[in-house]
Amino acid sequence: MLVDKRPPPHHDESPGPEGRSAPAPATQAYSETDPTPQDEPEDNVGSQTRGVPRLNRTAVWALICSGLGITFLLGLFLGYRARAQIRRTREIGKPYADVAIWLGWFYLSVIVFGLLVYVWILFIA
């Protein structure tokens with residue numbers, strides 16, 4: 001957004017014919033005005049959270065994918081990847097990655113066990 005840095009035009013506020021001061025005419029549309037004062041710097045999200053470690057988003061996605069069940073393989077992969085990122089970048093979220101890994105292995109073991117039971121019933125019984 002371009003901001004006009006010129007000073008505002010000077011309006012004469014001398015009293016009108018009836019002794020009252022006339023209102024100043026509008027010089028620009030409301031959409032063209034900048035509501036923030038120019039003396040204050042823009043807010044930076046990174047500067048507000050100095051010293052606070054960020055939550056690893058990959059760990060959150062790993063937990064979501066493992067929790068859904070049908071995408072547990074993706075959750076298992078993302079869980080291991082998130083744990084490596086957390087170790088490297090010192091972000092928070094290791095419990096999320098660990099739970100995603102445990103859920104992924106749990107779903108995988110249930111599927112393998114179910115297939116073994118199915119094969120046993122199909123061929124042996």
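Remember, predicted model here, so these are calculated numbers, not experimental data. Scope of the values below: all heavy atoms of this structure, side chains included, with no hydrogens, waters or symmetry mates.
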Is [Y] reachable from [X] through a run of hydrophobic residues whose side-chain heavy atoms are each under 4.5 Å from the next?
| X | Y | value |
| --- | --- | --- |
| Val112 | Ile124 | no |
| Phe123 | Tyr118 | yes |
| Leu122 | Val119 | yes |
| Leu108 | Leu115 | yes |
| Leu68 | Trp102 | no |

Checklist entry - Is atom CD1 of Ile70 surrounded by more than 12 heavy atoms (other residues, nucleotides or ligands) closer than 6.0 Å? => result no

Is any side-chain heavy atom of [Y] closer than 4.5 Å to one of [X]?
| X | Y | answer |
| --- | --- | --- |
| Ile121 | Val117 | yes |
| Ile92 | Ile86 | no |
| Trp61 | Leu74 | no |

Checklist entry - Can you tell me how far CZ of Phe72 sits from CD1 of Ile101, rounded to the nearest 0.5 angstrom? => result 14.0 Å

Checklist entry - To the nearest 0.5 Å, how far apart are CD1 in Ile64 and CG in Leu78? => result 10.5 Å

Checklist entry - Which one of Glu91, Gln85, Arg81 satisfies the side-chain hydrogen bond (donor to acceptor under 3.5 Å, both in side chains) criterion with Thr58? => result Gln85

Next on the checklist: On a heavy-atom basis, which atom in Gly93 and which in Ala59 lie closest, and how many Å separate them?
Outcome noted: O-CB, 3.5 Å

Checklist entry - Any idea which heavy atoms bring Gly79 and Ala62 closest together, and the distance? => result N-CB, 3.4 Å

Checklist outcome for this item: So the side chain to side chain donor-acceptor pair (under 3.5 Å) pairs with at least one residue in residues 64-80 (sequence neighbours excluded) are Tyr80-Trp105

